[in-house]
Amino acid sequence: MNKFRKLGRPTAHRMSMLRTMVSQLVKHERIETTVAKAKEIRRLADNMVQLGKEGTLHASRQAAAFVRGDDVIHKLFTELAYRYKDRSGGYTRLLRTRIRVGDAAPMAYIEFIDRANELRQAKPATPQPPERPTMDPWTRSRLTRQFAPPKEEKITESDE
């Protein structure tokens, strides 16, 4: 069951707003909105980039049914698909910025990562730890006995 934020709007209004915001995010690569909307946009924008990376006719039709504008679809399937070809997910970043004056809503920038003029640089990929050779249980138990500190016997007052 998919859980999502309703954002205080009827379904048609909410979907229209999210489609427009995802299209604008792809077009401008950074937008400012409320944190709740940004979290919803992040889900949908990552989905659209995934469709762009697939590059099939079916994926392009699915993306065209959601985003608005031929230039946006072209950018998804060329520029963004090429930029994120080696990345398996997490194409967007959410940066909290301020509290809006009128209604005290928390605002945030949502932007694509690995692009020019980023607000914050992407963290480098964490290297995988080297693979250790497997040992049979007998070798392991001998090694633990060899390197484990010797057990100290408890001395009680009745023994003395």
Going from [atom1] on [X] to [atom2] on [Y], what distance comes out if it is rounded to the nearest 0.5 angstrom?
X	Y	atom1	atom2	answer
L80	T78	CG	OG1	7.5 Å
K53	S88	NZ	OG	6.5 Å
E32	Y109	CD	OH	4.5 Å

Does any pair with a residue in residues 58-76 pass salt bridge (Lys or Arg N to Asp or Glu O under 4.0 Å), and if so which ones, sequence neighbours excluded? E29-K75
Contact summary for [X] and [Y], nearest pair of heavy atoms:
X	Y	value
A63	L51	N-CD1, 3.9 Å
E111	L25	CA-CD1, 4.3 Å
L7	A36	CD2-CB, 3.9 Å
S23	V72	O-CG2, 3.8 Å
G52	A81	O-CB, 3.3 Å
L94	K39	CD1-N, 4.0 Å

Pick from R83, K85, R87, R93: which one makes a salt bridge (charged side-chain N to carboxylate O under 4.0 Å, His left out) with D114? R87
For the pair V35 and R96, evaluate side chain to side chain contact (heavy atoms under 4.5 Å, CB included) and give the outcome as yes or no after the intermediate values. CA-CA 7 Å; V35 172; R96 294 168 190 260; 3.7 Å; yes
With [X] via side-chain contact (heavy atoms from CB on, under 4.5 Å) - residues at least two apart:
X	value
H13	R9, P10
M15	T11, F66
H28	Q24

Is the closest side-chain heavy-atom distance between [X] and [Y] below 4.5 Å?
X	Y	answer
E40	L18	yes
M48	Q62	no
V26	F112	yes
I110	R42	yes

By ring pair (Phe, Tyr, Trp, His ring centres under 6.0 Å), Y84 pairs with (sequence neighbours left out) Y91
Salt bridge (charged side-chain N to carboxylate O under 4.0 Å, His left out) with [X]: which residues, sequence neighbours excluded?
X	value
D86	none
E54	none
R100	D103

Is it the case that the side chain of S16 and the backbone of A12 share a donor-acceptor pair, with hydrogens and angles ignored and the cut-off at 3.5 Å? no
Does M107 belong to the same Ile/Leu/Val/Met/Phe/Trp/Tyr cluster as L95, with side-chain heavy atoms less than 4.5 Å apart forming each link? no
Which residues pass the side-chain hydrogen bond (donor to acceptor under 3.5 Å, both in side chains) test with T92, not counting sequence neighbours? D46
